[in-house]
Trainee: 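Here's a structure for you.
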Amino acid sequence: MQRRITEAHLILIVTFALYMGYQWLMQWIPIKNVIFHMLMGQVMLVLPGGLRYFVCCRKKQEQLAERMLFVPISNANIKMAVAVIISAYPVIAILNSFSMLFVKNQVAAVMPYMMKLGYFPMLLVMAVMPALNEEFLCRGILYGAYRHHSKKAGIFLSALIFGLLHLNFNQMPYAVYLGIVFALMVEATGSIYTSMLMHFLLNGFNVTINFIADRMMTSYGNVNQQLSKTTESVSQTLSAVSCRQLVTMTVVLTVFLFFNGILIYSTFRINGRTMKNDCSKGRILDIFSVLFVIIALILTYINTDFL
């Protein structure tokens, strides 16, 4: 069992090295197409793990399904997944607001460039590919290895790694929260397709809303200037937020976290699943995971645009 943990962490480190290496090599590649580079970045996230499991499990499909939970999901679980991600959205928005007390909104900063791609290319690189590739790595390879030792610890460690992979402190708080929700729903339904669906719905909704807002703002003037002013205004407002506003946001956050938890618990009950481990607990931390966390934290600090 411990071999699976080591193998998963080695895949994580190789994947991260390939991803960061490609980001560095981009400046030397003559191709200037943004979609190409974003797709290649996503490919780096799935290439090492995909090759590893293709070689090992191509003749043992049942082993792959058991290890990474590639199991079909029922209509009832699809409905619960949609309900959970809808109830999670206010929590994401509030956590994003809290982070913007200290850092700039780095997603909003890149949106003007993404809008130039068009709706369907944006949907591909920001919703479809991340939903498949990031879930394959974080919930498939990592949590798929952790859950045989300690489901609870595995949920939190895979969520932390998922948050660190975003490489900025603006996205990290809500990415960690989402990592917990996704892993819980994978465990509640017994299928990684659940988290893939939820991830796609969330990112797809954000892409759609931003695209519609962009088109509306374009009719009133230069979109880049409008987005820049909006981002600056939001940052200034949040940096001067009152104690009363903070209390209100905290209360709303608590309410939706509770509601989110009830829905996830209900999903466990519907499927007759629990968080109990099928075998004895084991250690999921090793030198490779600690090394990744340290390096990723350093890079996250460097990459974050603080106020």
Side-chain angles (χ1 to χ4, degrees), residues 77-111 122-123 126-127 130-131 134-135 138-139 155-156 158-160 162-163 165-166 168-189 194-214 216 227 230-231 233-270 307:
N77 283 329
I78 290 175
K79 293 175 182 177
M80 292 304 296
V82 173
V84 169
I85 201 62
I86 290 174
S87 69
Y89 200 86
V91 178
I92 297 166
I94 293 173
L95 290 175
N96 184 48
S97 298
F98 279 140
S99 72
M100 288 169 59
L101 292 169
F102 312 100
V103 301
K104 293 183 179 180
N105 189 330
Q106 296 190 224
V107 175
V110 302
M111 287 310 294
M122 279 180 63
L123 197 65
M126 298 184 71
E134 292 174 14
E135 293 309 307
C138 295
R139 255 62 65 183
I155 285 171
F156 286 104
S158 62
L160 174 63
F162 179 61
L165 284 172
H166 287 76
N168 67 78
F169 287 119
N170 171 228
Q171 292 178 279
M172 185 178 171
Y174 64 78
V176 171
Y177 161 70
L178 280 172
I180 294 172
V181 171
F182 289 158
L184 282 170
M185 286 299 289
V186 167
E187 195 58 54
T189 62
T194 306
S195 63
M196 288 180 174
L197 172 64
M198 294 171 70
H199 200 150
F200 169 75
L201 290 175
L202 176 66
N203 287 17
F205 176 76
N206 286 332
V207 167
T208 303
I209 290 298
N210 278 283
F211 187 79
I212 293 173
D214 171 77
M216 293 176 64
L227 284 174
T230 301
T231 303
S233 174
V234 170
S235 297
Q236 290 174 348
T237 301
L238 290 171
S239 64
V241 67
S242 67
C243 291
R244 186 174 181 177
Q245 290 172 314
L246 281 174
V247 171
T248 301
M249 290 168 68
T250 303
V251 171
V252 173
L253 177 67
T254 303
V255 170
F256 277 98
L257 279 173
F258 176 77
F259 185 54
N260 206 220
I262 291 296
L263 288 173
I264 294 172
Y265 175 74
S266 299
T267 308
F268 273 99
R269 292 292 300 272
I270 289 172
L307 292 175

Trainee: Taking only residues two or more places apart in sequence, or in another chain, which ones meet S99 in a side chain to side chain contact (heavy atoms under 4.5 Å, CB included)?
Mentor: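 Side chain to side chain contact (heavy atoms under 4.5 Å, CB included) check on S99 returns N96, V103, N170, P173.
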Trainee: For the residue pair F169 and Q106, establish whether any side-chain heavy-atom pair is separated by less than 4.5 Å.
Mentor: no
Trainee: Would you say the side chain of L178 lies within less than 4.5 Å of the side chain of V91, judging by non-hydrogen atoms?
Mentor: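 No, too far: nothing below the 4.5 Å cut-off.
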Trainee: Take atom CZ in F259; do more than 12 heavy atoms of anything else shown fall under 6.0 Å from it?
Mentor: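 No, CZ of F259 has 12 or fewer neighbouring heavy atoms, counting only those of other groups under 6.0 Å.
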Trainee: So, taking the atom named CD1 in I85 and the one named OG in S195, what distance separates them when rounded to the nearest 0.5 Å?
Mentor: 10.0 Å
Trainee: Could you state the interatomic distance from CE (M249) to CG (L95), rounded to the nearest 0.5 Å?
Mentor: 9.0 Å
Trainee: Minimum heavy-atom separation for F162 to H199, with atom names?
Mentor: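 That would be CZ-CE1, 3.7 Å.
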Trainee: Side chain to side chain contact (heavy atoms under 4.5 Å, CB included) with F156: which residues, sequence neighbours excluded?
Mentor: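 In terms of side chain to side chain contact (heavy atoms under 4.5 Å, CB included), with neighbours along the sequence ignored, F156 is linked to I180.
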Trainee: Just verifying a value: how many Å separate I155 CD1 and L160 CG, rounded to the nearest 0.5 Å?
Mentor: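 Rounded to the nearest 0.5 Å, the CD1-CG separation comes out at 14.0 Å.
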Trainee: Out of curiosity, I209 CD1 to D214 CG, how far, rounded to the nearest 0.5 Å?
Mentor: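 Taking CD1 in I209 and CG in D214, the distance rounds to 12.5 Å.
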Trainee: For F205, what residues pass the ring pair (Phe, Tyr, Trp, His ring centres under 6.0 Å) criterion, not counting sequence neighbours?
Mentor: Y89
Trainee: Can you name the nearest heavy-atom pair linking A175 to G163, along with the distance?
Mentor: CB-CA, 3.7 Å
Trainee: If you look at every heavy atom in S87 and L263, which pair is closest and at what distance?
Mentor: OG-CD1, 3.5 Å
Trainee: Search all heavy atoms of G179 against all heavy atoms of A159 and return the closest pair with its distance.
Mentor: C-CB, 3.6 Å
Trainee: Considering all heavy atoms of both residues, which atom of N105 and which atom of M100 are nearest to each other, and what is their separation?
Mentor: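 Nearest pair, atom of N105 first, then M100: ND2-SD, 3.6 Å.
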Trainee: What pairs of donor and acceptor atoms, side-chain ones from residues 251-258 against any protein atom, are under 3.5 angstrom apart with sequence neighbours left out?
Mentor:
| residue | atom | partner | partner atom | Å |
| --- | --- | --- | --- | --- |
| T254 | OG1 | T250 | O | 2.8 |

Trainee: Would you name the heavy atoms of L165 and C138 that are closest together and state the gap between them?
Mentor: CD1-SG, 3.7 Å
Trainee: Rounded to the nearest 0.5 Å, how far apart are CZ of R269 and CD1 of I264?
Mentor: 15.5 Å
Trainee: Find out whether L202 and I92 are in side-chain contact, i.e. whether some heavy atom of one side chain is under 4.5 Å from a heavy atom of the other.
Mentor: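 When only atoms from C-beta onward are counted, I92 and L202 do touch, with a gap below 4.5 Å.
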Trainee: Could you work out, with ring pair (Phe, Tyr, Trp, His ring centres under 6.0 Å) as the rule, every residue matching F211, not counting sequence neighbours?
Mentor: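 Partners of F211 by the ring pair (Phe, Tyr, Trp, His ring centres under 6.0 Å) criterion, ordered by chain and then number, come out as Y119.
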Trainee: Which residues pass the salt bridge (charged side-chain N to carboxylate O under 4.0 Å, His left out) test with E135, not counting sequence neighbours?
Mentor: R139
Trainee: Heavy-atom distance under 4.5 Å between the side chains of V84 and M198, does that happen here?
Mentor: yes
Trainee: Between atom CE of M196 and atom CE of M185, what is the distance when rounded to the nearest 0.5 Å?
Mentor: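 Between atom CE of M196 and atom CE of M185 there are 15.0 Å.
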